[in-house]
Number of protein chains: 2
Amino acid sequence: MDFKKLADVHKALANESRLKIVYKLYEKECSVTELTDYVELDQSTVSKHLSVLLNVGIVSNKKVKNLVFYSLQTPCIMDMFSCTIKVINGEDKPQKKCCKN
Amino acid sequence: MDFKKLADVHKALANESRLKIVYKLYEKECSVTELTDYVELDQSTVSKHLSVLLNVGIVSNKKVKNLVFYSLQTPCIMDMFSCTIKVINGEDKPQKKCCKN
DNA sequence: TGACAATATGGCAAAATTACCATATATAAA
DNA sequence: TTTATATATGGTAATTTTGCCATATTGTCA
């Protein structure tokens with residue numbers, strides 16, 4: 001088990017602003033400017049957040065004219081969140097599985 | 001959506017040593033001493049890692065004599081990891097879900 | 001080409017995280 | 001009670017993360 005890589009993915013998700021971005025991208029792909037307006041942080045900060053998500057493969061991007069659109073590469077992430085929310089609500093208990101494959 | 005709490009859960013998982021602990025606890029419940037031997041960190045460090053996991057509800061503990069046993073409270077976490085690993089391997093692609101409920 | 005808009009990068013200060021040491025606390029056994 | 005073992009907590013230095021500003025880069029359009 002590569003705990004380093006596993007930790008890196010969770011690190012990418014361990015930030016409120018990046019989580020907001022991921023949720024937004026689940027709705028639709030967005031340009032950096034759209035995301036910057038949405039999360040209300042400096043454009044350079046958003047750009048860096050996006051590179052963190054890009055580096056672990058959670059998002060992908062494509063250039064259209066002078067815009068760069070980001071999209072959620074791994075919808076799987078949203079299933080992870082449904083588990084995370086169960087953890088928050090203390091809904092999962094030993095002997096049960098929350099999302100069976 | 002409470003992005004703060006969501007981020008806190010992922011923060012708890014955003015550390016190699018805590019991930020090792022979670023995997024170990026998936027096998028069986030362990031005392032702090034057992035976990036300390038396993039991850040090879042200072043006992044006080046392990047104790048603090050455990051309190052992080054405890055605070056977000058990922059583990060629970062119980063006292064037996066002068067030992068404190070920790071156990072995985074949310075097996076759901078292991079399903080999250082199977083998704084995380086797909087992210088790492090780039091196996092998930094848009095339009096597909098990796099772990100359907 | 002020049003001017004402009006969108007995005008990325010370098011640098012920095014503040015804040016958060018990590019792991020250690022020392023020590024406090026609690027429980028058990030002698 | 002004394003001693004020993006297990007766990008938790010306070011303090012601190014090193015490292016990492018975060019977000020800003022300034023600026024570089026890239027692409028579009030006139």
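Residue numbering restarts at 1 for every chain, and letters A, B, ... go by the order of the sequence lines.
The side chain to side chain donor-acceptor pair (under 3.5 Å) check on B:S71 picks up B:S60, with sequence neighbours excluded. Not counting sequence neighbours, the partners of A:N61 by the side chain to side chain donor-acceptor pair (under 3.5 Å) test are A:Y70. In terms of the side chain to side chain donor-acceptor pair (under 3.5 Å) criterion, residue partners of B:D42 (sequence neighbours excluded) are, by chain and number, B:S44. A search for side chain to side chain donor-acceptor pair (under 3.5 Å) contacts involving A:K65 returns nothing, not counting sequence neighbours.
Rounding to whole angstrom units, CD of residue B:E29 and P of D:dT7 are separated by 12 Å. The separation between B:K11 atom NZ and D:dT16 atom P is 17 Å, rounded to whole Å.
A:F69 comes within 4.0 angstrom of nothing in the nucleic acid, heavy atoms only.
Checking the phosphate oxygens (OP1, OP2) of D:dT17, no side-chain nitrogen or oxygen of A:R18 falls inside 4.0 Å. Look at A:N15 and you won't find any side-chain N or O under 4.0 angstrom from OP1 or OP2 of D:dT17.
Pairs of residues two or more places apart, or lying in two chains, that qualify as salt bridge (charged side-chain N to carboxylate O under 4.0 Å, His left out) and include a residue from residues 3-17 of chain B are B:K4-B:D8. Sorted by first and then second residue, the pairs that involve residues 3-24 of chain B and meet ring-ring contact (aromatic ring centres under 6.0 Å, His included), not counting sequence neighbours, are A:F3-B:Y23, A:H10-B:H10, A:Y23-B:F3, A:F81-B:H10, B:Y23-B:F81. Listed by first and then second residue, the salt bridge (charged side-chain N to carboxylate O under 4.0 Å, His left out) pairs that reach into residues 24-36 of chain B are B:K24-B:E27, B:K28-B:E34, B:E29-B:K62, sequence neighbours excluded.
Residue-to-nucleotide proximity on DNA chain D shows that, of A:H49 and B:T33, the 5′-proximal contact is made by B:T33.
Within residues 52-62 of chain A, no residue has a heavy atom under 4.0 Å from DNA chain C.
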Take nucleotides 20-30 of chain D nucleotide by nucleotide from the 5' end and write B, S or -, depending on whether a protein heavy atom sits under 4.0 Å from the base, only from the sugar-phosphate, or from neither.
BBB---SSSS-
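Counting side-chain heavy-atom gaps under 4.5 Å among Ile, Leu, Val, Met, Phe, Trp and Tyr, the cluster of B:F69 also holds B:V64, B:L67.
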Indicate every side-chain donor-acceptor pair of residues 47-56 of chain A with a distance under 3.5 Å to a residue at least two apart or in another chain.
| unit_1 | atom_1 | unit_2 | atom_2 | d |
| --- | --- | --- | --- | --- |
| A:H49 | ND1 | A:R18 | NH1 | 3.0 |
| A:S51 | OG | A:K48 | O | 2.9 |
| A:N55 | ND2 | A:S51 | O | 3.1 |

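To the nearest 0.5 Å, the span separating SG on A:C83 from CG on B:D79 amounts to 5.5 Å.
Of all nucleotides in DNA chain C having an atom under 4.0 Å from a heavy atom of chain B, the first and last in 5' to 3' order are C:dT17 to C:dA29.
With A:T45 contributing its side chain and A:L41 its backbone, the two residues share no donor-acceptor pair below 3.5 Å.
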